[in-house]
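Labels below follow one simple rule: chain letters A, B, ... track the order of the sequence lines, proteins then strands, and each chain is numbered from 1.
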Amino acid sequence: MPRIAKYDFKKIAKRWQDSWEAFFRVETNNPGRKFYSLNMFPYPSGVLHVGHGRNYIIGDAIARFFKMRGYNVLNPMGFDAFGLPAENAAIENKTHPREWTIANIEGMKKQFHEWGIIYDWDREIRTCEPDYYKWNQWLFLQLYKRDLAYRSDALANWCPGCETVLANEQVIDGHCERCDSLVEKRKLTQWFFKITQYAEQLLNDLQHLEHWPERVKKMQQNWIGRSEGVEIDFFIETPLRHGEGNPHPTPSPLKGEGRGEGREGGQGIRSLRVFTTRPDTIFGVTFMALAPEHPFVEEFIAQEPDASRKEEIKAFVQKALQQGEIARSAATVEKESVFTGRYAINPVNNQKIPIYIANYVLMEYGTGAIMGVPGHDARDFEFAQKYKLPIVRVIENDESKGEVGAAFEGEGWLVNSGEFDGLSSREAFRKIGEALQSRGLGRFAVKYRLRDWLISRQRYWGTPIPIVHCEECGIVPVPESELPVKLPDLPFIGKKGLADISEFYQTRCPQCHGPAKRDTDTMDTFVDSSWYYLRYISPNDGERAFDSEAVNKWLPVDQYVGGVEHAILHLLYSRFFTKALRDMGYLAFDEPFTRLFTQGMVEHVSYRCPEHNWIHPNEVGESAQCPHCGRPLKIELNKMSKSKRNTISPQEVIDQYGADTERLYTLFMGPPERDIEWTEEGVRGSFRFLNRLWTLVLAQARKISPSPHPSPWKGEGVNPAEFTEREKRVWQKLHQTIKSVTEDIESFHFNTAVSAIMELTNELIVYVNEPPKKINQALMKRALEDLVLILSPFTPFVCEELWRRLGHADAVLEQSWPGYDEEALVGTEREIVIQVNGKLRDRLSVPVAISEDRAELEKRALAQIQSRLDGKQIARVIVVPGRLVNVVVKEP
RNA sequence: GCCGGGGUGGCGGAAUCGGCAGACGCUACGGACUUAAAAUCCGUUGGGGGCCAACCCUCCGUGCGGGUUCGAGUCCCGCCCUCGGCACCA
């Protein structure tokens, strides 16, 4: 017998690499049975490692699978090409960010090609090109027209490392998500998108996203942070004047008309508005507290007659402001405060309540002022203890009685609450709210944690904001006909923004044509990625951002695949854009992504030397010593990253084992949603499998005469009625495998799909080598063909080659996905488990017909294990048809 | 603190409408082939015991403690650990 040619993955890759693209070119005009498969587009930061590959390999497998199932698959790719790293790299290499970006894009496209990942490159998007960012500007203007984009001075998150402001979403534990610098609050005039206008919808519509991971929805829900409560106005006592004895009698709020928060005439501040989610605890209020930034603070200071107290308050406020809101908002910070010398009146019982300024009260949330209820709020309790304020219990339940060491934050019934005594917390919430509302002293309100999206960035490499500042006309939007406002194409000038380039900002006012200044900020790059999935439908359209008609046919995206790190930022912004564009009439759907899959990270061992820091695994020998100083290295498991020096280059793997091996291992290594460790041994295992497959198919291929592959769901070419028992088992295994692989791919269980394919391969190898060596050629041909087809989304190169060697002239992607025959799944015999008292004791093989016959199964099972039952009394026999017989015996 | 994942052999992980725990792969060990090694192939591989070996038998075993059930990795109650998100948000 002639030798089988070696599995030459390099030759095979070269042969088929360029042959597939045509299958993923789509006509967008006529979607037919469409499937929009989308991977989150990458930031072109350099070379991709095998961990990045996971995202794209999953996406490619899905696209190929749906293609074979007869869908018109749209699978585009592009580059999120604006952003800070390009600027930093450009400064380092003394080039222009564009050069660095383009070079990386070219490199990454080569990598996709090597991986056998197919996109419709005619639809490629690069967000740094004017023909893309022009539409960012257009979108900005649309939002501006509808008051969804506005300019405001606010305390913004300033990152000193990146020298720019950041959105709330980009601040992690008070640090910059990019460079980890401690973020400061600075008062700056900045552009915002009014995402809060959609807070309610963004929250509510989460429930319709059935095919999103639960945790992503939960994260968004937390982030939006809705709370229902009541806003309450507390009258403030007029301050004492010098020489006066008693303060003026306060107006009785229960009788008087509320006037809401604010000042009145020359009388100064009259009332203070707070927000609470627990109006039922209002009788327990023993202090009020303002945020140091609260507008009343200044006035209180001004009105303070006592000079030393005035200084005390001033000093405290200054210190708190310096500490900054971010630092102060950490739960670990000690509660500090100063008494203002002023009192408020509790509208429900006329009690006089001292007003404090406290560091733990945030201006950003609610009204910037709180009512302090130490009996029922842990923070207020801590505060009251420190400042020796009274703690009043106004809610009780069976558990809380007698307990006084802490705030009771649960629900119960009211006590010490006047006419509301005895009501449940819930009833009291409503009744107290209503009582306040009827007197004009309060109103039901809903607050969100979500803040508006700050989009201004003080950087060069981004989309210029299309606004002109004119001394005469004020803020003037650039007319749509003048878009794009292009980035000045100067040799890159280092760490400078547009504010340093007079050629850019000097302009004329579009309205009065007088001299004016362009806005010198650029947009957050998350603007770019909030709508790119719309642009893929008509990527070269010079007339509009996207073609609504076609977009409404192709979207929502059927399957979106990407990293969970975008659970909040990108995915929330995209949902916001979709809803805003829908309301403008451009889109006819509510949510951009029907199904979302978030793949886990790939981890790899990393070595750390106390002196030389991270050492690449390739430099580390068996002994795990530092190659520079010989010291023992600390071994850790970390996410693959350049900074930890533990990345694996796909090129290494492809050179040594081929792209199919990398793809197979990536999909097989573990459940795709979970983080998983990359190991060299695992890669070799996948390589071994492909070699075994190669040998099996080639050894048989020469015996098999070429003929067209039958259409699915039919047994053409094979005749199961004439199969031997052995052949029937092979046939059954084949159909079981097709079924489970199909279902596993649909549910993203690639690891078990691969293992099912391995089992089938093993079974076929056993069948081929079994002693009689009489192989049913028709069966074998069919089995190998189907095997190759169901493996092809995972390892397209080797499968294409094997498919051709099985005698086919047409491509794998032109084939239909194999179907399975329900009848073939069953087989002829079934194994029934025999248990005694629930423990496995024996097995019984019965014909399928009998496996459903309770009486017969019981009879046979008891006969088979009779010897075991000596002297024991049978109490009961449980029969599960098709599965088992459990004999319950009483021990003598 | 709150919310959500997850805890199964030496390792990654299978099996959750309650019904054979450990599929598939890796590692390790033994054997075949080879002058030798690599590769490949065959076998063993959760732990303990039944004198050795084969076969077989048996007990224990899915984070911990209870419970429901003929039967629990799977369901219920109470904990522990771990990863992720949110967190002085009133």
Side-chain angles (χ1 to χ4, degrees), chain A residues 6 172-173 213-227 229-230 274-278 281 289 291 328-335 358-362 364-373 376-380 382-383 409 447-451 564-565 567-568 600-601 664-665 668-671 673-689 691-692 695 740 749 751-762 765 769 831-843 868 875-880 882-889:
Chain A
K6 206 176 131 239
I172 314 287
D173 285 331
E214 214 47 52
R215 66 174 169 154
V216 172
K217 289 192 274 186
K218 210 74 205 173
M219 281 181 186
Q220 293 210 352
Q221 195 183 317
N222 284 344
W223 188 259
I224 295 166
R226 181 182 198 272
S227 10
V230 175
V274 301
F275 174 72
T276 178
T277 53
R278 294 297 301 271
T281 64
R328 268 169 35 221
S329 69
T332 47
V333 169
E334 172 80 18
K335 291 185 177 39
N359 63 344
Y360 75 99
V361 181
L362 307 175
E364 284 193 349
Y365 186 78
T367 62
I370 61 160
M371 60 181 214
V373 187
H376 302 283
D377 181 287
R379 297 156 299 175
D380 298 345
E382 192 190 327
F383 185 86
E409 297 186 310
K447 300 281 177 199
Y448 299 93
R449 212 188 69 100
L450 181 71
R451 308 287 146 78
V564 75
E565 65 275 16
I568 296 171
M601 303 261 199
L664 187 69
Y665 176 57
F668 179 61
M669 66 199 298
E673 69 280 3
R674 222 180 287 177
D675 289 352
I676 197 121
E677 185 188 354
W678 180 276
T679 63
E680 173 74 17
E681 292 76 24
V683 179
R684 279 207 298 269
S686 294
F687 183 63
R688 268 200 286 267
F689 167 75
N691 276 286
R692 272 152 35 84
T695 310
S740 67
H749 295 143
N751 54 329
T752 50
V754 173
S755 99
I757 289 170
M758 286 174 168
E759 279 186 63
L760 173 63
T761 309
N762 291 345
I765 290 172
N769 293 326
E831 196 173 75
I832 302 295
V833 166
I834 306 173
Q835 295 180 337
V836 176
N837 287 345
K839 283 179 185 157
L840 173 72
R841 284 296 177 259
D842 211 338
R843 293 156 207 277
R868 209 181 272 285
R876 228 175 123 184
V877 179
I878 287 147
V879 181
V880 182
R883 303 203 79 137
L884 61 79
V885 177
N886 185 15
V887 184
V888 185
V889 299

Checklist entry - Counting only side-chain N and O atoms of A:Arg841, is one of them less than 4.0 Å from OP1 or OP2 of B:rU58? => result yes
Using the C1' atom as the point on both nucleotides, what is the distance between B:rC81 and B:rC42, in whole Å?
42 Å
### Pairwise C1' distance for B:rU16 and B:rG85, with rounding to whole Å
26 Å
Please step through side-chain hydrogen bond (donor to acceptor under 3.5 Å, both in side chains) for the pair A:Arg449 and A:Asn222, ending with a clear verdict. CA-CA 8 Å; A:Arg449 212 188 69 100; A:Asn222 284 344; over 6 Å; no
When rounded to the nearest Å, what value does the distance between P atoms of B:rA53 and B:rU44 take? 15 Å
Whole-Å distance, A:Gln221 CD to B:rA87 P, equals 14 Å
So CH2 of A:Trp678 and OH of A:Tyr665: to nearest 0.5 Å the spacing works out to 6.5 Å
Regarding the side chain of A:Met219, the nearest nucleotide among B:rG13, B:rC89, B:rG85 is B:rG85
B:rG6 -> Watson-Crick or G-U wobble partner, both distances under 3.5 Å, gives B:rC81
Value for CZ (A:Arg215) from CD (A:Gln220), rounded to nearest 0.5 Å, stands at 13.0 Å
Of the listed B:rC70, B:rC88, B:rU58, the closest approach to the A:Asn359 side chain comes from B:rC88
A:Met669 atom CE is separated from B:rA14 atom P, nearest whole Å, by 13 Å
Checking N1-N3 plus N6-O4 or O6-N4 for Watson-Crick, or N1-O2 and O6-N3 for wobble, each under 3.5 Å, the partner of B:rG12 is B:rC24
_N/O donor-acceptor pair, side chain A:Gln835 with base B:rG19, under 3.5 angstrom_ = yes
Picking from B:rA14, B:rC24, B:rG12, the nucleotide nearest the side-chain atoms of A:Ile676 would be B:rG12
**Request:** Indicate yes or no for a side-chain donor-acceptor contact from A:Arg278 to the backbone of A:Glu409 under 3.5 Å, with no hydrogens or angles considered.
**Result:** yes
When rounded to whole Å, the CG to C1' distance for the pair A:Asp377 and B:rC2 reads 14 Å
From the candidates B:rA90, B:rG13, B:rC86, the one with an atom nearest any side-chain atom of A:Val361 is B:rA90
Using only side-chain N and O atoms of A:Ser227, determine if any of them is under 4.0 Å from OP1 or OP2 of B:rA90.
yes
Could you tell me whether the phosphate oxygens of B:rA14, OP1 or OP2, come under 4.0 Å of any side-chain nitrogen or oxygen in A:Asn751?
yes
- Task: May I ask you to evaluate whether A:Lys839 reaches the phosphate of B:rG61, defined as a side-chain N or O under 4.0 Å from OP1 or OP2?
- Result: no
Considering only heavy side-chain atoms of A:Arg449, the closest of B:rG4, B:rA87, B:rG84 is B:rA87
The nucleotide from B:rA14, B:rU40, B:rG25 with an atom nearest the side chain of A:Arg688 is B:rU40
**Message:** Under 3.5 Å, is there any donor-acceptor pair linking the side chain of A:Arg843 to the base of B:rC20?
**Reply:** yes
Taking a pair to mean Watson-Crick or G-U wobble geometry with both distances below 3.5 Å, B:rA37 pairs with none
Its glycosidic angle compared against 90° from 0, B:rG46 adopts the form anti
Select base, sugar-phosphate, or nothing to describe what A:Glu759 touches, counting heavy atoms under 4.0 Å on all strands. sugar-phosphate
Next item on the list: Using the P atom as the reference point in each nucleotide, state the distance between B:rC3 and B:rC77 in Å, no decimals.
Entry: 14 Å
From CZ of A:Phe668 across to P of B:rA23 the rounded distance in Å is 12 Å
Expressed in whole Å, how much space separates the P atoms belonging to B:rU34 and B:rG73? 49 Å
Which of B:rG4, B:rG19, B:rA90 is nearest the side chain of A:Leu884? It is B:rG19
Closest non-hydrogen contact found for A:Met371 with A:Asp380 is O-OD2, 3.7 Å
| task | Measure distances between side-chain N and O atoms of A:Lys335 and base N and O atoms of B:rC88, and say whether any donor-acceptor pair falls under 3.5 Å. | result | yes
Handout entry: pair A:Val885-A:Ile832: side-chain heavy atoms closer than 4.5 Å
Key = yes
Paired to B:rC51 by Watson-Crick or G-U wobble criteria (both distances under 3.5 Å) is none
- Message: Can a side-chain donor-acceptor contact be found between A:Asn886 and A:Arg876 if the only test is distance below 3.5 angstrom?
- Response: no
Self-check item: Quiz item: A:Asn886 side-chain donor-acceptor pair to B:rC70 base, under 3.5 Å
Solution: yes
Taking the cut-offs as 6.0 angstrom to the six-membered ring centre and 45 degrees off its axis, would you call A:Lys335 and A:Phe383 a cation-pi pair? no
If we take the C1' atom in both B:rG67 and B:rG71, what is their distance in whole Å?
15 Å
Sorted by position of nearest nucleotide on RNA chain B, 5' first, the leading residue of A:Pro671 and A:Met758 is A:Pro671
Rounded to whole Å, the CG-P distance (A:Asn222 to B:rG85) equals 12 Å
With a 4.0 Å cutoff (strictly under), does any side-chain N or O of A:Arg215 reach OP1 or OP2 of B:rG85?
no
Whole-Å distance, A:Asp380 CG to B:rC89 C1', equals 13 Å
Salt bridge A:Lys217-A:Glu214, side-chain N to carboxylate O under 4.0 Å
yes
Sorted by position of nearest nucleotide on RNA chain B, 5' first, the leading residue of A:Arg684 and A:Ile765 is A:Arg684
Regarding the side chain of A:Ile568, the nearest nucleotide among B:rC20, B:rG19, B:rC86 is B:rC86
(message) Can you check the distance between B:rG61 and B:rG25, where both ends of the measurement are the P atom (answer in whole Å)?
(response) 29 Å
To the nearest angstrom, the CZ-C1' distance between A:Phe275 and B:rC88 comes to 16 Å
Query raised in the report: Across the strands shown, which category fits A:Gly685 at heavy-atom distances under 4.0 angstrom: base, sugar-phosphate, nothing?
Result: sugar-phosphate
In Watson-Crick or G-U wobble terms, with both distances under 3.5 Å, the base opposite B:rG1 is B:rC86
_Please classify the nucleic acid contact of A:Glu673 as base, sugar-phosphate, or nothing, using heavy-atom distances under 4.0 Å._
nothing
Over all strands shown, is A:Glu677 touching base, sugar-phosphate only, or nothing at heavy-atom distances under 4.0 angstrom?
nothing
Among B:rA23, B:rG4, B:rG25, the one nearest any side-chain atom of A:Arg692 is B:rG25
query: Does any donor-acceptor pair link the side chain of A:Arg451 with the base of B:rC89 at a separation under 3.5 Å?
result: yes
What interatomic distance, in whole Å, is found between C1' of B:rC11 and the corresponding atom of B:rA28? 11 Å
| query | Across the strands shown, which category fits A:Asn762 at heavy-atom distances under 4.0 angstrom: base, sugar-phosphate, nothing? | reply | sugar-phosphate
